[in-house]
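Scope of the values below: all heavy atoms of this structure, side chains included, with no hydrogens, waters or symmetry mates. Chain naming here is simple, since letters A, B, ... match the order of the sequence lines and numbering starts at 1 in each.
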Amino acid sequence: MFNFRKFSPLLFALGIALVACEKEIEPLTPPTEEIVPPTDGDEGDDVVPSVDKIRAFVVNEGQFGYGTASLTALFDSGKTQHDIFRKLNNRPMGDVAQSITKIDDRFYVPLNNSRKLEVFDSKTFQSIETMSIKADGVGLDVIPMYVQHLGGDSIAVTDQKMSSRLMIMDINHGKKRDVLRRTIALKGRSFQMQLVENKLFVGGDELVVFDLKNLTAEGKRPIKKANGKTIQLVDFTKLIMDSQDRLWVLGLSDIYCIDPSTEKVIHTINVSHLAINDWVSCIDISPDKNTIYFNSSRKVYTIDTKNPTAPTEPIINPTTENNAWTVYLMTISKENTIFFIEVRYGSISKGRVYEYDPSNGKEISMFKAGIFPHFIYFE
Amino acid sequence: MHKNKLYLIQLLLLVSGVTTAQEQKANLKEVIITSDAKMKPEAVGTKVTVLSQIEIERNRTKSLSELLLEASSIQIKSMGQGAMATASFRGTAASHTQVLWNGISLNSPQLGSFDFSQIPIYFVDDIALHHGGSAQSEGSGALGGSVNFSNSSKAVERPSFSVLTEVASNKTFTEALTAKFTKKNLTSSTRVYYQQSENNFRYLNKVYSSEPTYERRRDADYKQSGVMQELYYLTAKGDRIAAIGWWQYDDRSLPQFILGNPTFTEQSRSENIRTLASYEGARKEHNFKAYFSYLNGRMRYQRRALESEYIDTQHNLNNSYIFGGDYGYKGFKKIDLSTSFLYRLDKVTSDNFENGSIDRNTASLKLMATYRATQKLHVDASVTAEQIDADFYAIYNISGRYRLIDKYLTLKASNSYNYRTPSLNDLYWLPGGNPDLKPEKGWSSDISFISEPTIGPFDLKMEATYYYMDIDNWIMWIPKGNGYIWEPVNFSKVTSQGMELTTDIRFKYQHTSHLVNFNYGYTHSVDNSERDDDTQGRQLPYMPRNRWNAGYRFAFKDKVWAHYNASFTDVRFTTADESYQTNKYTTHNIEVGYNLKLKEHKMLTFTFKVDNMFNAYYESTQYYPMPLRMFWGKLVFRFN
């Protein structure tokens, strides 16, 4: 027979324990770091975001698996502010950021290990939505890299998987949870894209082109060299347009100039003698779109688009104090200066960004970015 | 031997705090067992923390990591209930913590570190934490310290049997039973344990997207089962022959971090067989022990794509053969001498080794002398020579203890040199393994002040320790080249210093007994390497500067008890330059229990527990949520 007196202390204690419990789950405490009010003369975290004066954003991958992807804002004054998304939204942006693309008044940042796009306001940086890449409710096994607006409410997103898929997504999806419209299988990895009138060029292990009206696997056409072979691009490199509306790309040993209308290679400039590296060489173009820049580590070379010939001497070859730092990206600003991203210990430490004057090879500025910077976007 | 027993009794009573009369009796028995089990003398001036039987008994269905989190100040990093958990002492890495079962190292020669979630407390009778230099008692490698757990060989007057059943609100179910008897000189103990958990608790994900979403934890389920059989035989001369066999099987999903969008599931299945046979005895001033142990561990890791049929499977197999012996001589008036030798062969097979299989041979010889200069002053010194494959190393430890003011103030101090050889994964893992790695090596010193006064009805024990250590050639895996491949390198020089404070206060009033205990650890563990990457002088990742836990236990007669525990972990940086951090957190647990005596020798024990009673969201590893408030109910039936 149940002896209530024997059990009464236990029941009493149980009651106390239950009363002490709360009904609602306590929300996650936001990061403690705060945005510091504006001060003059300080560097680093002490600059208030001022949209009008932002010159560039550096997209930092962060350490894989640690959720330390970030954006560093560079202001005209040379000041910087780190990790602006997290500070203004009280949450991490995600894991392994790859690039940033502005469409209308919104920024789109693909985060490859989070398999999502973060969308936020280009003026306030407030989060608008998170586009999780799923198909039928299940995460799609892709590594989203770069975003290209296709017009209207469609974007294309490339994929770094070895058997990659070009993802066509809906940016005006309302309350629909799955934002993925369809995928197109590609050969090898895919990187940056270029929209030329009604065609989409997709760079990667195989340079291909689509008609926008026929963005399907059947509509895919590889761009071929004179010998009939397809063109493989140096990892992550841009597809750039010159002043004559020709497309330039950096292959593993050649630079190709392509006529977008005929999809034929017009010029092939062999640069294999310049030790192009498959992951630290980049290609870009001057603001007037007449001078191609490309690099082999810190050596930067140029090609005149109107008279394209292979260069022999770099225009700049800056020396650094410590060769332990490795060039990870070279890009050209709107002021026609050369920006280098340099990293050390890869994805576990902060990178540095150097700005050089191409006319004399002198360093103009240097600032620290976030962990493993990968991409620079100029406003 | 008798003195040793008395000393250990004293030590355990002092740290175990308030107990009921029944519990105190049990403690006395346990102490004798500890003395029997530990043939090797421990350094007199080093810090050893013996966990109380109360804490062990309360946490029978928890893992070793969960117990250490609640009852010690060492740092635990866990990915959740049932998931991988590591422990580190005094600001060092998880691989600097040695785990010993009855004196046998269980650290994986492949990984170097140990997964503390794989040890259910149900298979443990005694736990001692060896801090700093005291961890040298079983060989090299424990730059930070060691966790020593052992089994009890005590005889029982009559056959005993207990069965346990427990259920928790996150759908964790535990069943366990123990049967023990002594017949003439033979004692047998059998334990069977099974735990399974869906572990699908609900939490609010505020980090993945712009819209906070309630989610259920997925891929955190696990099953854990094990059987342990112990046989102890006392010969006519009083020598003891022991044979222990332990089989354990773990099948668990590996939870993903909540900043991701899972495209795959991961699962690991591991099966461990651990055996130990020993013979030990004493002849006048001589005592000796010989032992053999065989360890077998199999692990299968599987990664399965959600979207496709893709499955990646990897296998690892470890076989270890260990022979050893201890000898002690106590024939001198003031000096005790001892020596130990060990040979260990580890055979590791992995899909990620170039040749599939790698052997490691370890042979060591230790000499130790303890000098009792006066009744108040004891000092000791030990030196260990170790040959690991082609490399020879030597380590030492010196320590002393001086009783300044009888039981009111005792001073202890130690200094040691230790090293850790790289794990087989560090050396040979494909891709990335670096065969040119040098061993990590370090100096460690500490000083402790101990006070054990009795003030009125209050029995107090306070121990405050300051430590300082330098570790060179600290091994870290860092990205190589374009970052796709990581490799281990001798990356850092680390200096760690801090303090540890332990306080127990116990008192009795009429039929009630009370225990208040408090553990606090302050750790300043920084990278002192000369690199221009903003990491110099910064606190090491996942190393909280402050950690404490506090508890209060109340018992009425031996019928009812209540236990409250709070545990605090400070902010931990997740990157080497301190630019990212986890939130600090405090968890509060409460437990009440009731012993219902049925007939003679039969008893039912009811326990109800609330873990994380204030429902705090917290992460031991960033973006891996830990369970929110959980309710546990346990019923134990004992017959003896």
Side-chain angles (χ1 to χ4, degrees), chain A residues 6-7 9-10 13-14 16-18 20-22 24-33 63 65-68 82-83 89-92 94-95 113-116 118-119 127-130 132-135 138-142 235 279-280 322 343-350 368 370-372, chain B residues 202-212 214 257 259-264 305-308 310 476 478-483 486 531-535 556 559-560 562 571 574-577 579-581 583 585 590 592-594 596 606 608-610 613-617 622-623 628-629 631:
Chain A
K6 274 190 172 180
F7 285 92
L10 179 64
L14 280 177
I16 295 283
L18 288 169
C21 302
E22 298 167 359
E24 289 300 316
I25 291 174
E26 186 178 284
L28 174 68
T29 309
T32 53
E33 203 168 340
Q63 184 169 353
Y66 280 68
T68 48
H82 301 304
D83 213 358
N89 292 285
N90 274 338
R91 67 180 174 93
D95 203 35
N113 195 40
S114 292
R115 293 174 181 84
K116 66 174 183 177
E118 275 299 339
V119 186
S127 173
I128 294 172
E129 68 164 326
T130 302
S132 182
I133 302 175
K134 292 183 175 179
V138 175
L140 199 66
D141 192 9
V142 291
D235 290 4
W279 67 277
V280 297
N322 192 337
V343 296
R344 189 176 182 190
Y345 313 122
S347 61
I348 64 166
S349 63
K350 285 183 174 174
K368 289 178 185 174
I371 295 171
F372 212 6
Chain B
R202 191 165 169 257
Y203 65 97
L204 183 63
N205 186 340
K206 292 189 75 174
V207 293
Y208 181 75
S209 72
S210 51
E211 295 176 17
Y214 279 103
F257 81 148
L259 258 185
N261 176 6
T263 61
F264 54 84
L306 290 173
E307 191 201 348
S308 67
Y310 173 78
M476 264 183 76
I478 64 169
K480 176 180 164 182
N482 59 9
W486 290 54
R531 293 192 307 266
D532 52 347
D533 63 353
D534 297 337
T535 61
F556 177 72
K559 284 186 176 176
V560 180
V571 160
T574 59
T575 53
D577 64 356
S579 56
Y580 293 89
Q581 65 189 47
N583 294 329
Y585 62 87
I590 190 165
V592 291
Y594 182 71
L596 175 64
F606 301 89
F608 180 77
K609 186 166 56 171
V610 184
M613 60 189 285
F614 296 120
N615 219 20
Y617 179 98
Q622 196 170 33
Y623 307 131
L628 297 167
R629 181 168 47 230
F631 302 96

Separation of B/S209 OG from A/E118 CD (nearest 0.5 Å): 7.5 Å

Rounded to the nearest 0.5 Å, what's the gap from NZ on A/K350 to OG on B/S579? Could you check?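 Spacing of NZ (A/K350) from OG (B/S579) equals 4.0 Å.
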
Where the side chain of A/D141 meets the backbone of B/T263, is there a donor-acceptor pair that is under 3.5 Å apart?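 Checking the backbone N and O of B/T263 against the side chain of A/D141, no donor-acceptor pair under 3.5 Å is found.
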
Where the side chain of B/K206 meets the backbone of A/N90, is there a donor-acceptor pair that is under 3.5 Å apart?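 No, the answer is negative, given that no donor and acceptor are paired below the 3.5 Å cut-off.
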
Using a cut-off of under 4.5 Å on heavy-atom pairs, state which of B/Y580, B/Y623, B/Y310 scores highest against chain A. B/Y580

Side-chain donor-acceptor contact under 3.5 Å, A/S132 with B/N261: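 Checked: A/S132/B/N261 side chains pair up, N/O donor to acceptor below 3.5 Å.
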
Side chain / backbone / both / neither for A/L140 at chain B, heavy atoms under 4.5 Å: both

A/N89, part contacting chain B, at a heavy-atom distance under 4.5 Å: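 Contact with chain B is absent: no heavy atom of A/N89 under 4.5 Å.
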
Residue B/T574 versus chain A: region with a heavy atom under 4.5 Å: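 Answer is both: backbone and side chain atoms of B/T574 are under 4.5 Å from chain A.
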
Can you say whether B/Y585 sits under 4.5 Å from chain A via the side chain, the backbone, both, or neither, judging by heavy atoms? neither

Quick one: side chain to side chain donor-acceptor pair (under 3.5 Å) partners of A/S127, sequence neighbours excluded?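 For A/S127 the side chain to side chain donor-acceptor pair (under 3.5 Å) partners, ignoring immediate neighbours, are A/R91.
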
Would you please test A/Y66 and B/L259 for side-chain contact (heavy atoms from CB on, under 4.5 Å) and show each step? CA-CA 9 Å; A/Y66 280 68; B/L259 258 185; over 6 Å; no

Decide yes or no for A/D95 and B/Y208: does some side-chain heavy atom of the first lie under 4.5 Å from some side-chain heavy atom of the second? no

